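Please read all numbers here as calculations on a predicted model, not as lab measurements.
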Amino acid sequence: MSDINKKVTMCVLALYIISAIAFECTENTARISTIGIYLVFAVGVLQFASTKQFFFNSHCASLILLCLYIFILSFYNHNAMSETIAYYCLTCTVLCVFGYNLLFNFEKEKVIPIFLLVFILGTIILDIRVIQSYGGISEILEFSGNGIYERRVGGDIINENTLGLYNANSFFCCLVMFNKRKGHKFYWLYLAVSVLFVAMLLLTASKKAFTFLIAGMILFSILFLRNGKSKNKMAIFVFAILAMAMIVYLIYNVPAFHSVRLRFNELFMTISPENNFVSETDQTRLFMMRDGISAFTDSPIIGNGTAYSYTIFHGSYSHNNFVELLMNYGLIGFIIYYIPYVFLFTRLYKLIRQKDMYALYFFIFVLMQVVLGVGWVNYYERVIQLYTIFAAAYVENTNLKNNCMQHGSIYIKP
């Protein structure tokens, strides 16, 4: 594969990621993302035609098998959403396989920073669109701080939880780039932009994103202090403590963040053993989990069919990735999807012990996606799955042709 073809492939994939984050969320701009993903497909086919080689690993195989299984079960329980979910899974799978192959045509230490920056750029554009929709920064702060009830930011453009999660992940991208690019001309820009991401995350009042941020920072500090370079340990520890203290201070003292304060208190009361309080939203989701598990017991092996949740929840889904997989696709689909994560976490942790900052980022990112699956269905979220496949590609040797058996990958050359 020529250098020009590789660069074109990388640029097309990067543009798709930016468009998916920044523009897919609104109806009048979603076509930009649609064009982007089909450009990725076209370039991927041309790449295969020119090189006559393709790479797969256990994670790619898992996505392909699950996609085939979803298509089969879409006929078993056909409803209005079956074809839509099958289409999402198909495009997600093709995108991830092409993305996985792209990384093996580059040196991973060079391409990973590019895609961290791509995620940051996509989130900045999305945040700008959200701010513009309210008329500016002062207006968005006035909206958020006006009143005693929840006023979550971003709902007119994108789901507030998705907006918050994008900003949470971009914060960690900045944190990694900040540590990897010391002395670089953009060194302080990463720190400045991270402030924007934290502020926007808090304005969304997303409990998922807030959990991602706080739990991720604690995990980052622990793993870095344990495995990082000794001269940086104290600086990171102090930074993490000060950052979390500043976030708590802002939540309880700045009126614009009163919504996240209400939802944070709500979350604390829900998980506290001393309280019997459960919010109306959480109560609804608990009922959906209960009904979803009950549906799983009706057909525990093969599942009830694609998008079965939309049947029993009258046009909605279970809001839980574990329950959604179990009730729709049974133990077969659940195992196909989650088994590769065991190997991925093991390999990432081995790299973390070697003081690999990118592995540390991917470990936090993938772990948070799995953990937050208790309140979010993400098995066909394209951007999330694509960055998970980047993690799977990163832990393997770029010289896959000579090491495919050693690293659990399959090299296919027609």
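Take L46 and apply the side-chain contact (heavy atoms from CB on, under 4.5 Å) test, not counting sequence neighbours, and it matches no residue. Residues satisfying the side-chain contact (heavy atoms from CB on, under 4.5 Å) test with C173, not counting sequence neighbours, are L116, F119, I120, N169, Y361.
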Is there a ring-ring contact (aromatic ring centres under 6.0 Å, His included) between F363 and F345 once you walk through the steps? CA-CA 7 Å; F363 186 88; F345 284 128; 5.6 Å; yes

Test side chain to side chain contact (heavy atoms under 4.5 Å, CB included) on L73 and Y308 and set out the steps. CA-CA 10 Å; L73 290 190; Y308 181 72; over 6 Å; no

For L386 and E381, run side chain to side chain contact (heavy atoms under 4.5 Å, CB included): C-alpha distance rounded to whole Å, both residues' side-chain angles, the deciding distance at 0.1 Å, then the answer. CA-CA 8 Å; L386 183 58; E381 288 286 340; over 6 Å; no

Check against ring-ring contact (aromatic ring centres under 6.0 Å, His included), Y337 and Y341: CA-CA 8 Å; Y337 180 78; Y341 283 91; 5.4 Å; yes

For Y380 and Y87: C-alpha separation, side-chain torsions, deciding distance, then whether side chain to side chain donor-acceptor pair (under 3.5 Å) applies. CA-CA 9 Å; Y380 52 78; Y87 171 77; over 6 Å; no

Walk me through it: do F171 and F197 pass the test ring-ring contact (aromatic ring centres under 6.0 Å, His included)? CA-CA 6 Å; F171 169 81; F197 295 144; 8.2 Å; no

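Note: Y394 and F390 fail the aromatic proximity criterion, with ring centroids not under 6.0 Å apart. Here Y100 and F55 keep their ring centres 6.0 angstrom or further from each other.
Considering N161, T162, T211 in turn, N161 is the only one that fulfils the side-chain hydrogen bond (donor to acceptor under 3.5 Å, both in side chains) rule with S206. Of the candidates I389, I64, V395, I389 is the only one forming a side chain to side chain contact (heavy atoms under 4.5 Å, CB included) with H59. With I364 as the partner, the side chain to side chain contact (heavy atoms under 4.5 Å, CB included) test is satisfied by one option alone out of V176, L348, I218, L219: L219.
Interatomic distance, L95 CG to Y38 OH, rounded to the nearest 0.5 Å: 11.5 Å. Separation of atoms CD (E139) and OG (S133) is listed at 11.0 Å; rounding is to 0.5 Å. T204 OG1 to F257 CZ: the interatomic distance, rounded to the nearest 0.5 Å, is 10.0 Å. Here the CG atom belonging to L65 is positioned 11.0 Å from the SG atom belonging to C60, to the nearest 0.5 angstrom.
Summarising the local packing, CZ of R290 is surrounded by more than 12 heavy atoms from other residues, nucleotides or ligands at distances under 6.0 Å. Environment of CZ in F313: crowded, with over 12 heavy atoms of neighbouring residues, nucleotides or ligands closer than 6.0 Å. Counting heavy atoms of neighbouring residues, nucleotides and ligands inside a 6.0 Å radius, atom OH of Y88 does not exceed 12 of them.
In this structure, a donor-acceptor pair under 3.5 Å is present between the side chains of T123 and S170.
Sequence neighbours left out, not one pair with a member in residues 64-73 passes side-chain hydrogen bond (donor to acceptor under 3.5 Å, both in side chains).
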